[in-house]
Chemist: 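To start, I am sharing the structure in question, which I have written as structure tokens.
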There are 2 protein chains.
Amino acid sequence: MIGDFDSIAGSKRSLHVQVAREIARKILSGELAQNSIIPSEIDLCEQFGVSRTALREAVKLLTSKGLLKSKPKVGTKVVERAYWNFLDSQLIEWMDGISDNDEFCSQFLGLRGAIEPEACALAARHATIEQRMKLSEIFDKMCDIAKADVFDQEQWTKFDTQFHSLIFNATGNVFYLPFGNILTTMFANFIHHTSEDGSTCIEEHRKIYSAIMAGNSEKARAASAAHLLTVKDKYPA
Amino acid sequence: MIGDFDSIAGSKRSLHVQVAREIARKILSGELAQNSIIPSEIDLCEQFGVSRTALREAVKLLTSKGLLKSKPKVGTKVVERAYWNFLDSQLIEWMDGISDNDEFCSQFLGLRGAIEPEACALAARHATIEQRMKLSEIFDKMCDIAKADVFDQEQWTKFDTQFHSLIFNATGNVFYLPFGNILTTMFANFIHHTSEDGSTCIEEHRKIYSAIMAGNSEKARAASAAHLLTVKDKYPA
DNA sequence: CTATTTTTATACATACTATTTAATAACAAC
DNA sequence: GTTGTTATTAAATAGTATGTATAAAAATAG
């Protein structure tokens, strides 16, 4: 009962989210052009085979992410790309298979390179005791995984994600907070670690970890920047 | 017909957005605690004097921004802060009056300082001809305003916003795109320019502008960083 | 050319059924 | 008795259907 094909409705998520995803992907892929008017509510209801309520909730969801805008009489319009909120985890998930994966990851790295070193610096200064303890826990587990005979890739990704995510949470800056989730989403959907990552990167993580724990923001920033340079090497320009 | 006590009606925006804003502000201010269950749909409908349709659309909107999560039987829960999407323009608008303004702006500057110099560097390399022309237009107008006898603060803010916003659009990186809107929102709602800004900052903007037009990414990055240091001086630690 | 009506899209309301799921009760096994 | 499993129940959201209200563009009357 669980395993059957995604097929149509009754699958995983709620109905309006599925409809929203379908529409979003048509927008993201360009199948629905910017500034164009999408079909009317009743047409879309028929097309997707859902009620107007469900469809309207889907439209509201996409409006909230900057993809659509509705006005009475004129219809629902695809807003221009400049207003799409690419810093929304759900939207990022929906990008899967839309654009070139390497290019997408490379662009993300372009942002990460600017933000994460500063986040590490902030975390070194502002992390609470609880957060430092948690970071310590996570790092210990990463060490265990790196030292193990067989490299557990899934576990590594899990704790690597937690490690970087926690750093954003520890900045004490609300604007850095969302990057933890964005990074988590990227790790889960687009960035595929190779088995060599664990052994090669653990020392880089140790430098970041130590600097944050020592409250040395400059060192944390540098260690993070160095780490990201290593990561960058895996992607084409 | 109904609810003439009217908690919300009579304002400008659509009903479900108004309801969403009300709930969002209660969450953001902590009046609705994290992980707590908010009243049931029917209770909230009564409380706000709106239909279930409007209320559910409001809840969907807030769910999309990471503030709420609904499950049958258990109810609708306030998600923990770490998942709130503070990089959403609408959410940022709703923050007005919630937290200390100076602190909020200061934190924003903490992010801006990390991102904008890199955005300028990217723009110098990737801006299209059209974008360079547009940037030129905008900068010319900023010069006019700065040179004028009476400083038109409103106009200055308008073009200053456009200037910085366009730079993010010109990076050619989808993850930098949303910062244009975020910055626009911050300028419109939180950051209040003083009349001296025009005269003092126009030369700094010229350096950024020139570097981008010349395609000199290193110079653009440095000029932006210098500009942000000047801006930073206005805010307390 | 202006004012007004008509049309047509979304916005909102109401009432209903379906589904999910936590909690509980019933029951069996050890 | 304690435990573990399985129906049952009930309370919340999820979804459907259909109505009216309202806003804005377009047609039309004056």
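Atom set for the values below is all heavy atoms of this structure, side chains included, hydrogens, waters and symmetry mates excluded. Letters A, B, ... are given to chains in the order of the sequence lines, protein chains preceding strands, and every chain is numbered from 1.
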Chemist: Give a yes or no answer on whether the side chain of B:Asp43 reaches the backbone of B:Pro39 with a donor-acceptor pair at less than 3.5 Å.
Modeler: no

Chemist: Does D:dA14 have OP1 or OP2 sitting under 4.0 Å from an N or O in the side chain of A:His16?
Modeler: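 Result: no.
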
Chemist: Measure distances between side-chain N and O atoms of B:Thr53 and base N and O atoms of C:dA13, and say whether any donor-acceptor pair falls under 3.5 Å.
Modeler: yes

Chemist: What are the residues of residues 77-84 of chain B, sorted by number, that bring a heavy atom to within less than 4.0 Å of DNA chain D?
Modeler: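 Nucleic-acid contacts, sorted: none.
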
Chemist: Does B:Arg52 make a side-chain donor-acceptor contact with the base of D:dG15, cut-off 3.5 Å?
Modeler: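 When only heavy-atom distances are counted, B:Arg52 does reach the base of D:dG15 through a donor-acceptor pair under 3.5 Å.
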
Chemist: Whole angstroms only, please: what is the CD-C1' distance between B:Glu57 and D:dT13?
Modeler: 15 Å

Chemist: Is there a side-chain contact between B:Lys60 and the phosphate of D:dA14, meaning an N or O under 4.0 Å from OP1 or OP2?
Modeler: yes

Chemist: Would you say the side-chain atoms of B:Trp84 pair up with the backbone N or O of B:Val79, donor to acceptor, closer than 3.5 Å?
Modeler: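 Yes, because the side chain of B:Trp84 sits within donor-acceptor range (under 3.5 Å) of the backbone of B:Val79.
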
Chemist: Rounded to whole Å, how long is the line connecting atom CD1 of A:Ile37 with atom P of C:dT8?
Modeler: 16 Å

Chemist: Would you say B:Phe163 has more than 12 foreign heavy atoms packed within less than 6.0 Å of its CZ?
Modeler: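 Yes, CZ of B:Phe163 has more than 12 neighbouring heavy atoms, counting only those of other groups under 6.0 Å.
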
Chemist: Nearest to the B:Ser40 side chain among D:dA12, C:dA11, C:dT21, which nucleotide is it?
Modeler: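 Of the options given, the side chain of B:Ser40 lies nearest D:dA12.
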
Chemist: Specify the residue among A:Pro72 and A:Ser51 whose closest nucleotide of DNA chain D lies further upstream toward the 5′ end.
Modeler: A:Ser51

Chemist: For A:Asp96, is there any backbone N or O sitting under 3.5 Å from a side-chain donor or acceptor partner on A:Arg25?
Modeler: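 Confirmed, A:Arg25 side chain pairs with A:Asp96 backbone.
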
Chemist: Rounded off to whole Å, could you give me the CZ-to-C1' distance for the A:Arg56 and C:dA13 pair?
Modeler: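 Rounded to whole Å, this separation is 11 Å.
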
Chemist: Would you kindly give the CG-to-P distance between B:Leu15 and C:dA11, to the nearest whole Å?
Modeler: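 The answer, rounded to whole Å, is 11 Å.
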
Chemist: Aromatic contact between B:Phe86 and A:Phe175, with the criterion being ring centroids under 6.0 Å apart: yes or no?
Modeler: no

Chemist: In whole Å, I'd like the distance from the CG atom of A:Leu61 to the P atom of D:dA14.
Modeler: 12 Å

Chemist: Whole Å only: how far is the CD atom of B:Glu41 from the C1' atom of C:dA18?
Modeler: 14 Å

Chemist: For DNA chain C, whose closest nucleotide is more 5', that of A:Val74 or that of B:Leu55?
Modeler: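 Mapping each residue to its closest nucleotide by heavy atoms, the 5'-most match is A:Val74.
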
Chemist: Are B:Phe104 and B:Phe190 close enough that their ring centres sit under 6.0 Å apart?
Modeler: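 Ring-ring flag for B:Phe104/B:Phe190: true, centres closer than 6.0 Å.
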
Chemist: To the nearest angstrom, how far is B:Lys73 atom NZ from C:dT20 atom P?
Modeler: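 Nearest whole value for this atom pair: 15 Å.
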
Chemist: Going by atom types alone, do B:His205 and B:Asp160 pair a side-chain donor with an acceptor below 3.5 Å?
Modeler: yes

Chemist: How many whole angstroms separate atom CD of B:Gln18 from atom C1' of C:dC12?
Modeler: 12 Å

